[in-house]
Amino acid sequence: MLRVASYNICKSIGTDLRRRPDRVLAVLGELDADVVALQEVDRRFGARASVLSPESIVAETAFRPVRFGVRPDSLGWHGNALLIGQDVELLSQRRLELPSFEPRGAVLADLMVRGRAVRALGMHLGLLGLWRRRQARAVLMTLEALEEPLPTVMMGDLNEWTLGGGCLAMFAKHHHVAVPGPSFHSRRPVATLDRIITSLDLRIDDAGVHSSAKSRVASDHLPVWASITPAGPSAAAQRQRVARTPWM
């Protein structure tokens, strides 16, 4: 049904410390996905313009961007962006503010993919464990508060070095958490910082890290991906039950 990917592009600065958006676009061209969550898309200072222009994304890849930026030259929201395939229909979109010691946010879009509605959320959580847990709680509570529940995919750079604790334990309480593999540092991956998480009414059939000659130099993170299918009526019913359970 659905193939997703997440990629921290490090503002298009590669492992050679050169800013080369063309290399990031080339890596995006290698990804076979319906939805891609990007992190660190916008410059941190000045006008905070995107390092990837919407025109170049459309011209050089099979994706088009969902526009979240509040500034004319910004593509994302606090560096987060979502790209969708040309045949994916955008139903709605919104920005999420996250509690943080430093500016953090998340982006959310409701999509129609091959006749099925799905909710996609991209995020980049903080460097401090206490704030990551607060941010995870804010994401989960926001999703629960939405009027129309939909099968949901959350993805991004969680900055969580522990394999089963911290914010991951909060997400895993009522969600499936994929373990695609080490994605940082791209030259010698040792940390599984980039994750893909789904609601219980979805099943993660496969997941992995996209390692290629291009991706190993375009950013200090490697993209991660997952193939996802519906999990069936019983899983959907289970999701409805756990949705009423408060997050701790």
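No hydrogens, no waters, no symmetry mates; every other heavy atom, side chains included, goes into these values.
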query = Atom CG of Leu158 and atom CZ of Arg195: how far apart are they, to the nearest 0.5 Å?
reply =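 Between atom CG of Leu158 and atom CZ of Arg195 there are 7.5 Å.
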Joint cluster assignment, [X] & [Y], ILVMFWY side-chain distance < 4.5 Å:
X	Y	answer
Ile197	Trp225	no
Leu38	Val51	yes
Val217	Ile9	no
Met155	Val209	yes

Using a 3.5 Å cut-off and no angle test, enumerate the donor-acceptor pairs between side-chain atoms of residues 80-91 and protein atoms at least two apart in sequence or in another chain.
{"from": "Asn80", "atom 1": "OD1", "to": "His124", "atom 2": "N", "distance (Å)": "3.3"}
{"from": "Asn80", "atom 1": "ND2", "to": "Trp77", "atom 2": "O", "distance (Å)": "3.3"}
{"from": "Asn80", "atom 1": "ND2", "to": "Gly105", "atom 2": "O", "distance (Å)": "2.9"}
{"from": "Gln86", "atom 1": "NE2", "to": "Phe63", "atom 2": "O", "distance (Å)": "3.3"}

In terms of side-chain heavy atoms, does [X] have a donor or acceptor partner in [Y] at a distance below 3.5 Å?
X	Y	result
Thr229	Asp205	yes
Ser100	Glu102	no
Ser227	Arg3	yes

Looking only at atom types and distance, does a side-chain atom of [X] sit under 3.5 Å from a main-chain N or O of [Y], one as donor and one as acceptor?
X	Y	answer
Glu160	Leu193	no
Arg95	Phe68	yes
Glu30	Ser212	no
Ser199	Thr152	yes

Residues in side-chain contact (heavy atoms from CB on, under 4.5 Å) contact with Arg133, at least two apart in sequence or another chain =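 Residues passing side-chain contact (heavy atoms from CB on, under 4.5 Å) with Arg133: Leu130, Met170.
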Partners meeting side-chain contact (heavy atoms from CB on, under 4.5 Å) with Thr142 (sequence neighbours left out) =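 Listed in chain order: Leu96.
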ask   = Is atom CZ of Arg114 surrounded by more than 12 heavy atoms (other residues, nucleotides or ligands) closer than 6.0 Å?
value =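 Atom CZ in Arg114 is packed in, count exceeds 12.
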query = Is atom CZ of Arg116 surrounded by more than 12 heavy atoms (other residues, nucleotides or ligands) closer than 6.0 Å?
reply =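 No, CZ of Arg116 has 12 or fewer neighbouring heavy atoms, counting only those of other groups under 6.0 Å.
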key: Worked verdict on Arg23 versus Ser12 for side-chain hydrogen bond (donor to acceptor under 3.5 Å, both in side chains)   = CA-CA 8 Å; Arg23 295 190 296 200; Ser12 293; over 6 Å; no
ask   = Does Trp131 have Arg104 sitting over its ring (NZ/CZ under 6.0 Å from centre, angle to axis within 45°)?
value =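 Output no; distance or angle outside limits.
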message = For Leu121 and Val153: C-alpha separation, side-chain torsions, deciding distance, then whether side-chain contact (heavy atoms from CB on, under 4.5 Å) applies.
response = CA-CA 6 Å; Leu121 184 145; Val153 181; over 6 Å; no
